[in-house]
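Residue numbers start from 1 in every chain, and the chains themselves are labelled A, B, ... in the order their sequence lines are given, proteins ahead of strands.
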Protein chains: 2
Amino acid sequence: MSVADRKAREKEALKNLILKGAKKLFIEKGIEQTTIRNIADEIDYSIGTVYVYFKDKNAILHDLHSIGFQELGGYFQELFSVEDPMERLRKMGFMYIKFALENSEMYDLMFNLKAPMEFLENSDNENWDEGVTTFSLVKKTVEECINKGHFKGHNVEPLSFMVWSLVHGMCCLEIRQRTKGVKFTNPDTILFDGYNEYLKIIEKL
Amino acid sequence: MSVADRKAREKEALKNLILKGAKKLFIEKGIEQTTIRNIADEIDYSIGTVYVYFKDKNAILHDLHSIGFQELGGYFQELFSVEDPMERLRKMGFMYIKFALENSEMYDLMFNLKAPMEFLENSDNENWDEGVTTFSLVKKTVEECINKGHFKGHNVEPLSFMVWSLVHGMCCLEIRQRTKGVKFTNPDTILFDGYNEYLKIIEKL
DNA sequence: TAAAAAAATGAACGTTGTTCAAAAAAAATA
DNA sequence: TATTTTTTTTGAACAACGTTCATTTTTTTA
């Protein structure tokens with residue numbers, strides 16, 4: 001182990017410390033309400049140090065958005081043991097909503113905030129790898145459903161997009177306070193009630 | 001016509017001038033990129049004047065969000081002449097998407113940004129009247145569909161929410177650059193392709 | 001132990017939303 | 001019309017933000 005190796009490890013460790021501190025504050029008080037000064041304070045480093053390890057705030061947000069996708073991957077873990085693609089598709093949507101509700105700030109960052117996409121636009125690798133990978137999971141499952149005789153007359157990609165939009169739309173309206181606004185009869189269960197309507201529909205397809 | 005009347009008219013006029021200037025800049029360069037100073041400059045008034053007519057930036061955003069709903073109402077106008085509720089439901093979703101794509105910054109303000117909801121929380125009338133009214137339009141149409149024998153075994157409110165979420169989700173993913181990220185086969189038509197999959201589905205219900 | 005390299009710092013800059021005492025303009029009063 | 005009162009407008013000033021970078025501190029090398 002050379003000194004250079006150790007230095008590299010220490011750099012990595014501090015970078016993770018910054019991300020960990022940032023995530024804690026984001027969850028505690030919201031992303032918009034968290035400043036670079038807050039993050040520096042949280043981990044007992046100066047503002048300048050944060051900027052040594054991250055180009056700007058967008059870079060922090062992008063890295064945290066990637067961590068969010070890892071966490072969503074954790075939620076999706078149990079799906080791989082589900083053989084029946086229709087059952088898997090149903091559960092995938094359910095887990096997606098569950099993740100969004102239990103990690104709303106992270107979800108917002110992953111699927112709503114402009115920061116991660118702006119970071120990508122100004123980076124070498126313009127591809128949204130996390131999004132592509134996650135969406136291909138939906139596409140693959142929908143494709144298997146079609147191969148099993150479901151969704152006759154439908155196209156894989158647009159249908160997958162429709163499914164994604166459906167769950168994303170519900171989560172988005174909830175997180176951005178629009179469901180609260182329209183005062184549903186059962187506000188606490190409206191997301192799962194709405195999702196159930198979708199389940200009833202695809203049952204017949 | 002008393003002096004007080006004229007003063008009231010002038011106040012109203014200047015308020016509208018501020019909103020008009022704000023909207024112009026929002027559309028031109030985005031809401032986040034527009035500052036109060038920009039707005040004041042645009043209409044040749046000082047920063048202070050803007051704060052005489054609006055409590056804060058959220059108040060401007062909320063008023064503009066209301067104007068957005070009026071404009072969405074314009075898009076929905078032609079729906080009232082559609083007798084068949086199923087046909088009306090189909091067209092409503094289409095017009096919704098059309099509005100979102102043609103007025104993306106206003107759509108974002110109406111259905112995504114936190115500002116209008118934060119303004120409501122700090123105001124006397126906490127109700128999101130615009131959202132309630134618009135959503136009841138969907139509910140009413142879905143109810144008519146059910147009365148005509150469609151959507152057997154479904155519940156009006158959750159089903160309406162599902163439909164809203166579906167179109168909102170697509171618009172949201174598009175506006176917030178997530179569709180761009182996943183690189184669809186036909187990026188330019190994916191929203192309407194996705195919506196078509198939904199149309200195919202409800203056709204059978 | 002001294003010199004060189006790396007890491008951490010925080011004052012300072014330009015912007016932001018917002019405030020408010022002062023100035024300017026308009027209306028009311030004499 | 002001249003003067004006082006009221007209303008409207010102003011922009012300097014404030015605190016807080018993201019960001020930069022010359023300087024200081026710490027670590028490594030010689």
Side-chain angles (χ1 to χ4, degrees), chain A residues 1-19 21-22 25-26 28-64 109 113-116 118-119 121-123, chain B residues 1-19 21-22 25-26 28-64 109 113-116 118-119 121-123:
Chain A
M1 287 290 182
S2 71
V3 172
D5 284 347
R6 200 198 70 226
K7 290 255 174 182
R9 276 203 313 279
E10 284 174 356
K11 272 185 105 167
E12 180 77 8
L14 185 42
K15 211 171 175 184
N16 286 332
L17 186 68
I18 293 168
L19 288 173
L25 293 175
F26 286 174
E28 262 176 35
K29 47 188 258 176
I31 292 173
E32 279 182 349
Q33 280 67 46
T34 302
T35 69
I36 304 287
R37 281 168 182 81
N38 292 154
I39 298 170
D41 267 12
E42 172 73 24
I43 58 171
D44 295 322
Y45 275 90
S46 71
I47 308 153
T49 304
V50 175
Y51 279 92
V52 171
Y53 291 84
F54 292 94
K55 198 185 127 283
D56 54 22
K57 204 182 182 184
N58 275 359
I60 300 178
L61 290 172
H62 174 266
D63 275 17
L64 230 38
L109 176 58
L113 293 199
K114 288 172 181 169
E118 278 171 4
F119 175 85
E121 278 169 21
N122 303 326
S123 84
Chain B
M1 286 289 183
S2 71
V3 173
D5 284 345
R6 200 198 69 226
K7 290 256 174 182
R9 275 202 315 277
E10 282 173 358
K11 272 186 105 167
E12 180 78 6
L14 186 41
K15 210 170 176 183
N16 285 333
L17 185 69
I18 293 168
L19 289 173
L25 294 174
F26 286 174
E28 260 176 36
K29 47 188 257 174
I31 291 173
E32 279 182 348
Q33 281 67 46
T34 303
T35 70
I36 303 288
R37 281 168 182 80
N38 293 153
I39 298 170
D41 267 12
E42 173 72 25
I43 59 170
D44 297 320
Y45 274 89
S46 71
I47 309 152
T49 304
V50 175
Y51 279 92
V52 170
Y53 291 85
F54 291 94
K55 198 185 125 283
D56 53 24
K57 205 182 182 185
N58 275 1
I60 300 177
L61 290 171
H62 174 267
D63 275 18
L64 230 39
L109 175 59
L113 294 198
K114 288 172 180 169
E118 279 171 3
F119 176 85
E121 279 170 21
N122 304 325
S123 83

Nucleotide C:dG14, atom P - distance to CG of A:Asp56 in whole Å
20 Å
Whole-Å distance separating the OH atom of A:Tyr45 from the P atom of D:dT26:
12 Å
With rounding to the nearest 0.5 angstrom, report the CG to CG distance, B:Leu64 to B:Leu109.
6.0 Å
Could you check whether A:Asn122 and A:Lys55, counting side-chain N and O atoms only, form a donor-acceptor pair closer than 3.5 Å?
no
Among the nucleotides D:dT8, C:dT18, D:dG18, which one has an atom lying closest to any side-chain atom of B:Ile36?
C:dT18
First encountered from the 5' end of DNA chain D, between A:Thr35 and A:Lys55
A:Thr35
To the nearest angstrom, how far is B:Asn38 atom CG from C:dT16 atom P?
7 Å
Determine the contact category for B:Tyr53: base if any of its heavy atoms lies under 4.0 Å from a base atom, sugar-phosphate if only primed atoms, P, OP1 or OP2 are that close, otherwise nothing.
sugar-phosphate
Would you mind reading off the distance between B:Glu32 atom CD and D:dC17 atom P, rounded to a whole angstrom?
17 Å
Select one nucleotide: of C:dG17, D:dT10, D:dG18, the one nearest the side-chain heavy atoms of B:Val52.
D:dT10
Which nucleotide sits closest to the side chain of A:Lys11: C:dA12, D:dT8, C:dA7?
C:dA7
Taking the side chain as every heavy atom from C-beta outward, state whether B:Val50 and B:Ile60 have any pair of such atoms under 4.5 Å apart.
yes
So do A:Arg9 and A:Asp5 actually touch side chain to side chain, heavy atoms under 4.5 Å?
yes
Tell me what A:Leu14 touches on the nucleic acid: a base, only sugar-phosphate, or nothing, going by heavy atoms under 4.0 Å.
sugar-phosphate
Please determine if a side-chain N or O atom of A:Tyr51 lies less than 4.0 Å away from the OP1 or OP2 oxygen of D:dT20.
no
B:Thr49 near the nucleic acid: base, sugar-phosphate alone, or nothing, with a heavy-atom cut-off under 4.0 Å?
base
Can you measure A:Ile31 atom CD1 to D:dG18 atom C1' for me and round it to whole angstrom units?
16 Å
How many whole angstroms separate atom CG of B:Asp41 from atom C1' of D:dG11?
12 Å
A:Asp44 CG - C:dA8 P separation (whole Å):
13 Å
Nearest to the side chain of B:Arg37, heavy atoms from C-beta on, is which of C:dT9, C:dT16, D:dT9?
C:dT16
Does A:Lys11, at its NZ atom, have more than 12 non-hydrogen atoms belonging to other residues, nucleotides or ligands within less than 6.0 Å?
no
Can you work out whether B:Lys57 or B:Gly48 has the more 5'-proximal nearest nucleotide on DNA chain C?
B:Lys57
Nearest nucleotide by nearest heavy atom, which residue falls closer to the 5' end of DNA chain C, B:Asn58 or A:Val50?
A:Val50
Nearest whole angstrom, please: distance from the P of C:dA8 to the CZ of A:Phe54.
13 Å
